[in-house]
Amino acid sequence: MSRPIYARHVNGKFHKLRATVSLILQSLLFVLPWIEYHGRPFLLLDIPHRRLYLGHMVLFPQETFFLLIILLSAGTLLFLSTSLGGRIWCGYACPQTLFSQSFMMIERWIEGDRARRMRREKGPLTASRVIRRGLKLTIWLVMGIWLGITISGYFVPIRQLTLASWPVVAFFTFISLLDFGFLREMVCHNWCPYARFQGALFDNDTLVIAYDNERGEPRGKVHTTPGSCVDCSLCVQVCPMGIDIRDGLQLECIACAACIDACDQVMDKLKRPRGLVGYRTLSGRRRLVRPRTIVYAAVLAVLATTFLYLATHRQLLAVDVVRSTALFNATPDGRISNNYTVHLINRRDDPVAVKLSLEDMPEGELIAPRGNPVTVPPASVQAVQVLVVRPKADRPVVSFKLKANEETVPTTFVGPGQ
Ligand code: SF4
Ligand code: SF4
């Protein structure tokens, strides 16, 4: 375990910006699982039923490529944002940072800011300290449970969460509490894969948070040294990662900009220009259009276009046919018969009556013991057992013809029929 970090709170324009973004993103996270579209979840990854509810679309396993496009787009967007603005994702949008900050805010309200907490930690274990600690843990637990329920709501319909869902909720609650309450910066530092490779996405024009060495050094007391840095260590005290930005670009830095706010306040008090610690590029230029940003933007555009095209050209009724037994049966009248399981996939928002028939097989007979047509509920899959009886001399493949609500749907090749 590394030494505990008692980050000091700092106000400032970047803190306000981060708090606003955090409020918007957290509100979205908490509200989204409650939103319904046509009576079903707006966004849900239903693992047991192998479905992804995404806005007006319900995606089945046959459409996993949509999920792949979404993941690739998210990755490319992350690459693009990193190339342009360094670790802005870490500082302003990563749930790890946002929820850690929320948990730290509760800690600060109950146990006091950095100096008071450090003093208390060194002192004896008083009743007040125990009560404060208990209160903090209780509120953290409530936040963890709320977060646990919300995250579970992305995998189980949140309105259908019951006592039986407690293992899922308990799992996410435990993870949230452990992560945002206790581990915090250790997750970024030791386990986050993005922190490891983001350096490869940087170039000399990437925006990073850096200390102006030339202006700041030599550091020392006010009026006694020519450098602007008065070595007040405020930038270090506010850092949630416990690092000193004056040591240069570091893997641990999550670009939260707290050190900028802190140093700007010091410069304001000293009536010196702001920006001793600030956003800058290694090249000193601000160049947004660069070969790598063009490539990332182009890939993103291709992915978005592909997604839109596929989403607007989806086959709303699909069929997947599996022959139930490998062998055919000979009927007493000299014909042959095969059993099939026909999976009717209805991707529409309304029920559909599907009538099955055989294509190009005038002498063939389709027997559906449970009735034909079959009504398939909205956004669901219906398995239908059918028997196909036909003359032995017929062609060796069977194609099914589908009529949905009296409208013919393109048929699907089935495969050998004998
Ligand atoms: S060095 Fe500055 S920007 Fe980086 S994590 Fe620390 S406070 Fe945030
Ligand atoms: S806050 Fe600014 S002045 Fe103070 S130590 Fe950091 S860089 Fe130097």
Side-chain angles (χ1 to χ4, degrees), residues 32-71 150-162 164-165 167-169 307-325 338-359 366-388 398-415:
L32 266 177
W34 294 97
I35 298 180
E36 289 197 338
Y37 178 85
H38 283 216
R40 55 166 202 255
F42 184 78
L43 182 61
L44 178 80
L45 181 60
D46 186 348
I47 296 171
H49 299 103
R50 300 192 297 158
R51 271 172 225 178
L52 172 66
Y53 294 82
L54 189 66
H56 72 286
M57 298 196 294
V58 181
L59 304 177
F60 293 83
Q62 296 85 348
E63 297 176 297
T64 315
F65 51 83
F66 276 110
L67 193 59
L68 188 69
I69 296 176
I70 293 170
L71 293 176
T150 301
I151 300 172
S152 305
Y154 284 92
F155 300 96
V156 179
I158 202 158
R159 292 163 203 270
Q160 291 166 26
L161 282 177
T162 57
S165 324
V168 185
V169 175
F307 187 94
L308 278 178
Y309 178 81
L310 293 175
T312 47
H313 289 78
R314 284 175 81 217
Q315 204 182 337
L316 292 178
L317 185 71
V319 61
D320 187 17
V321 184
V322 182
R323 200 165 61 175
S324 309
T325 49
N338 287 103
N339 285 306
Y340 295 92
T341 304
V342 181
H343 292 101
L344 298 168
I345 305 163
N346 179 15
R347 298 178 181 131
R348 304 177 188 215
D349 285 327
D350 41 9
V352 59
V354 182
K355 184 155 173 60
L356 281 166
S357 56
L358 298 172
E359 192 170 47
L366 185 141
I367 303 165
R370 300 229 166 155
N372 193 12
V374 180
T375 301
V376 190
S380 62
V381 182
Q382 185 99 338
V384 183
Q385 301 294 332
V386 295
L387 188 70
V388 175
V398 175
S399 291
F400 288 94
K401 196 155 92 181
L402 262 68
K403 266 197 170 181
N405 296 342
E406 293 307 312
E407 194 182 306
T408 305
V409 180
T411 50
T412 305
F413 170 71
V414 172

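Worth saying up front: this structure is predicted, and the values here are computed from it rather than measured.
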Spacing of CD1 belonging to I158 relative to OG1 belonging to T150, to within rounding of 0.5 Å: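 One gets 5.0 Å once the value is rounded to the nearest 0.5 Å.
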Less than 4.5 Å apart, any side-chain heavy atom of [X] and any of [Y]?
X    : Y    : result
L43  : L54  : yes
V156 : D46  : no
R40  : V58  : yes
L44  : Y154 : no
V388 : F400 : yes

For a quick test of reading the model, state the closest non-hydrogen atom pair linking T312 to Y309 and the distance between them.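 Here T312 and Y309 meet closest at OG1-O, 3.0 Å.
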How close do G153 and P33 get, counting heavy atoms only, and between which atoms?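 That closest heavy-atom pairing would be O-CB, 3.8 Å.
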Return the set of residues passing salt bridge (charged side-chain N to carboxylate O under 4.0 Å, His left out) with [X] (not counting sequence neighbours), or none when no residue passes.
X    : value
R348 : none
R159 : E36
R50  : none

Partners passing side-chain hydrogen bond (donor to acceptor under 3.5 Å, both in side chains) against H313 (at least two apart in sequence or in another chain):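 With sequence neighbours excluded, H313 shows a side-chain hydrogen bond (donor to acceptor under 3.5 Å, both in side chains) to no residue whatsoever.
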Contacts of R51 that satisfy side-chain hydrogen bond (donor to acceptor under 3.5 Å, both in side chains) - sequence neighbours left out: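 Here no residue qualifies.
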Partners of [X] by side-chain contact (heavy atoms from CB on, under 4.5 Å), sequence neighbours excluded?
X    : value
L308 : none
S165 : L161, T162
F42  : L32, I35, Y37
L68  : L72

Any pair with a residue in residues 55-64 that passes salt bridge (Lys or Arg N to Asp or Glu O under 4.0 Å), sequence neighbours left out, goes on the list, sorted by first then second residue, please.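 Matches after skipping sequence neighbours: E63-R314, E63-R347.
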I need the single residue from T64, L52, L45, L67 that forms a side chain to side chain contact (heavy atoms under 4.5 Å, CB included) with L59. Which is it?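 The option that passes is L52.
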Check against side chain to side chain contact (heavy atoms under 4.5 Å, CB included), L317 and I345: CA-CA 6 Å; L317 185 71; I345 305 163; over 6 Å; no
Pair up each side-chain donor or acceptor in residues 366-382 with any protein partner under 3.5 Å, not counting sequence neighbours, and list the distances.
{"unit_1": "N372", "atom_1": "OD1", "unit_2": "L356", "atom_2": "N", "d": "2.9"}
{"unit_1": "N372", "atom_1": "ND2", "unit_2": "L356", "atom_2": "O", "d": "2.8"}
{"unit_1": "S380", "atom_1": "OG", "unit_2": "P377", "atom_2": "O", "d": "2.6"}

Applying ring-ring contact (aromatic ring centres under 6.0 Å, His included), can you list everything that pairs with F65, at least two apart in sequence or on another chain?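 ring-ring contact (aromatic ring centres under 6.0 Å, His included) check on F65 returns nothing, list empty.
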